[in-house]
Asker: 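Please read through the structure below; I'll follow up with questions.
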Amino acid sequence: MLSRTPPMGFNTWNTFGENISDQVIRETADAMVEKGLKDAGYEYLVIDDCWSKRERDPETGKIVPDEIKFPYGMKSVSDYVHSKGLKFGMYSCAGTRTCADYPGSFDHEFLDAETFAEYGVDFLKYDYCNRPHHYYGDLLYRKMGMALKACGREILFSACNWGCDDVHNWIRSTGAHMYRSTGDIIDNFKSMKDIAISQIDNLAYSAPGCFNDIDMLTIGMYGKGNVGSTGSTDTDYKTEFVIWCMYSAPLMLGGDIRTFSEDTLRLVTNKDLIRINQDIEGRPAFETRKDDNMKVFVKHLSDNEIAVAFVNFDERERGVDLYFEDAGIPAASGYGLKMKDVFTGESLGVKKEYLKRTIKPHDCECYLCTLSK
Ligand code: GLA
């Protein structure tokens, strides 16, 4: 089964937008291996929008790669990505044109799926712009889902309709392995926070086989690139990664990994956070208290482990507490939590009944815990 755990990889859009090329992809593939990202689990290298010519080939009807950006064709790029032990992803759209106005797959679904199979594609991101409005989204995604099943190659299907049209209710029927539930992220704290808060009621609509995708990560962008905006701080990025991991969201890096600093690499390869994200049971996180800006998330994991995150979305320092009873551990049971800070590796020892913390603005704490007496 594809997508047994949230997919991990890199996507070109956040940093490169239309400025993609054969060279960018090859250098990124090299960097994913050299910087240890592949070993940490990041396996898909995905080319987003703007890879093709503006029109299909009039004779074959096929989408044709842009010869200036990709002078050796897509099979050559795909072979290179595969030679690095990575998987190769591409992009199309359910409408007649993509969001950046290149040919979309509407009415060409089966031909395009065959073309992607010829390229050796392992992952297809499928967008939602310019769709004929008499077609419902579920039908459009189901068509491409069928086309991918028929194309002769196992291809992960990454739907991208931004949470529109009650997508949570029908997306699993299309065969999608992940689905975008939010509008596009930009690189600032407010955008990340809005996305995170918007999906709290949808955390349970994400499970092995089909994960709720809250967009590519902006970690390490610092305001540069296609969705650069004002940029975020290291604290903001730390909180972003904790949220994506606690939400079991796909971990698609969007920063320029060729230039990632040691600190950025340390964050996105944090073994405990990736273990929380990739837990095989894929149980959803839940909130233990309702507050607009000071959040406590708990996620039960396999092997008797529990992940706890305190996230301060506020602009001021906040106190917070977690009563273990709210995570399913009554004081009378005699059980408590042996808590390890995922950032420092330090253990708080076995805590009983409750934990009180103070969290700085935008900051978070995250613990990997074991149920203990
Ligand atoms: C939409 C998607 C983005 C990106 C762009 C490309 O906006 O949501 O993630 O794929 O299209 O044009």
Side-chain angles (χ1 to χ4, degrees), residues 5-6 168 181 192-208 211-212 214 235 238-249 270 272-373:
T5 58
H168 304 91
S181 54
M192 188 277 286
K193 169 185 168 177
D194 289 349
I195 282 177
I197 289 178
S198 78
Q199 290 309 301
I200 288 179
D201 290 338
N202 293 327
L203 289 173
Y205 293 94
S206 193
F211 289 95
N212 182 343
I214 52 176
T235 302
K238 173 185 162 197
T239 296
E240 179 172 336
F241 200 59
V242 164
I243 289 283
W244 263 240
C245 289
M246 289 297 288
Y247 279 29
S248 311
N270 182 300
D272 289 333
L273 284 168
I274 290 179
R275 184 258 178 280
I276 292 167
N277 175 264
Q278 295 285 302
D279 187 67
I280 199 73
E281 290 184 19
R283 289 163 71 175
F286 57 91
E287 282 185 293
T288 57
R289 67 206 288 279
K290 295 284 172 197
D291 181 306
D292 285 351
N293 280 326
M294 183 63 240
K295 302 289 185 189
V296 180
F297 295 106
V298 174
K299 183 178 197 271
H300 288 266
L301 309 172
S302 53
D303 298 336
N304 241 2
E305 287 187 302
I306 299 176
V308 173
F310 301 101
V311 178
N312 185 359
F313 282 125
D314 222 328
E315 299 302 324
R316 62 190 168 93
E317 189 170 281
R318 295 281 300 266
V320 63
D321 41 47
L322 166 67
Y323 284 89
F324 294 171
E325 172 121 29
D326 295 333
I329 312 161
S333 68
Y335 281 93
L337 291 177
K338 191 167 160 202
M339 307 185 73
K340 183 178 96 167
D341 182 323
V342 302
F343 290 109
T344 63
E346 280 167 26
S347 173
L348 298 186
V350 179
K351 295 282 173 190
K352 297 263 170 102
E353 262 182 83
Y354 65 89
L355 182 72
K356 282 187 187 298
R357 308 301 291 169
T358 304
I359 314 287
K360 293 204 161 53
H362 295 204
D363 208 351
C364 64
E365 287 183 5
C366 184
Y367 297 92
L368 191 54
C369 314
T370 327
L371 202 54
S372 320
K373 284 220 172 180

Asker: Do Lys356 and Tyr354 form a cation-pi contact, if we require the NZ or CZ to be under 6.0 Å from the six-membered ring centre and within 45 degrees of the ring's axis?
Answerer: yes
Asker: Side chains of Leu203 and Glu287, heavy atoms from C-beta outward: is any pair under 4.5 Å?
Answerer: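 When only atoms from C-beta onward are counted, Glu287 and Leu203 do not touch, as no gap falls below 4.5 Å.
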Asker: Given 3.5 Å as the limit, does a donor-acceptor pair link the side chain of Lys299 with the main chain of Tyr247, or not?
Answerer: no
Asker: Do the two ring centres, one from Tyr335 and one from Phe324, sit under 6.0 Å apart?
Answerer: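 When the ring centroids of Tyr335 and Phe324 are compared, they turn out to be at least 6.0 Å apart.
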Asker: So, the side chain of Arg289 versus the backbone of Asp326: is there a donor-acceptor pair under 3.5 Å, distance only?
Answerer: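 Side chain of Arg289 to backbone of Asp326, a donor-acceptor pair under 3.5 Å: no, none is there.
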Asker: Is Lys352 atom NZ crowded by more than 12 heavy atoms from other residues, nucleotides or ligands, each under 6.0 Å away?
Answerer: yes
Asker: Any side-chain heavy-atom pair from Ile214 and Trp244 closer than 4.5 angstrom?
Answerer: yes
Asker: Which value, rounded to the nearest 0.5 Å, describes the distance between Ile280 atom CD1 and Leu301 atom CG?
Answerer: 12.0 Å
Asker: Applying side-chain hydrogen bond (donor to acceptor under 3.5 Å, both in side chains), can you list everything that pairs with Thr5, at least two apart in sequence or on another chain?
Answerer: Gln278
Asker: Of all residues at least two apart in sequence or in a different chain, which pass the salt bridge (Lys or Arg N to Asp or Glu O under 4.0 Å) check with Glu353?
Answerer: none
Asker: With a cut-off of 6.0 Å (strictly less than), are more than 12 heavy atoms of other residues, nucleotides or ligands near OH of Tyr205?
Answerer: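 Check fails, neighbour count at 12 or below.
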Asker: Side chains of Phe297 and Val242, heavy atoms from C-beta outward: is any pair under 4.5 Å?
Answerer: no
Asker: Please confirm whether the backbone N or O of Ala204 pairs with a side-chain atom of His168, one donor and one acceptor, at under 3.5 Å?
Answerer: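 Judged by distance alone, no pair lies under 3.5 Å.
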Asker: Just so I know, are the side chains of Leu371 and Leu337 near enough to count as touching, which here means a heavy-atom distance under 4.5 Å?
Answerer: yes
Asker: Could you tell me whether the side chain of Asn312 and the main chain of Lys360 form a donor-acceptor pair under 3.5 Å?
Answerer: yes
Asker: Please check this pair: side chain of Asn270 against backbone of Val342, looking for a donor-acceptor N/O pair closer than 3.5 Å.
Answerer: yes
Asker: Between Asp279 (side chain only) and Glu281 (backbone N and O only), is there a donor and an acceptor less than 3.5 Å apart?
Answerer: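 Indeed, once roles are kept as given, a pair shorter than 3.5 Å links the two residues.
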Asker: So how far is it from Met339 CE to Thr370 OG1, rounded to the nearest 0.5 Å?
Answerer: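 If I round to the nearest 0.5 Å, the distance is 10.0 Å.
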Asker: Taking only residues two or more places apart in sequence or in another chain, which ones pass side-chain hydrogen bond (donor to acceptor under 3.5 Å, both in side chains) with Arg318?
Answerer: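 If we apply the side-chain hydrogen bond (donor to acceptor under 3.5 Å, both in side chains) test to Arg318, skipping adjacent residues, the hits are Asp291, Asp314.
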Asker: Do side-chain atoms of Thr239 reach the backbone of His362 as a donor and acceptor pair under 3.5 angstrom?
Answerer: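 The answer is yes, because a donor-acceptor pair under 3.5 Å joins these two groups.
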Asker: How far does SG of Cys369 sit from NE2 of His300, to the nearest 0.5 angstrom?
Answerer: 10.0 Å
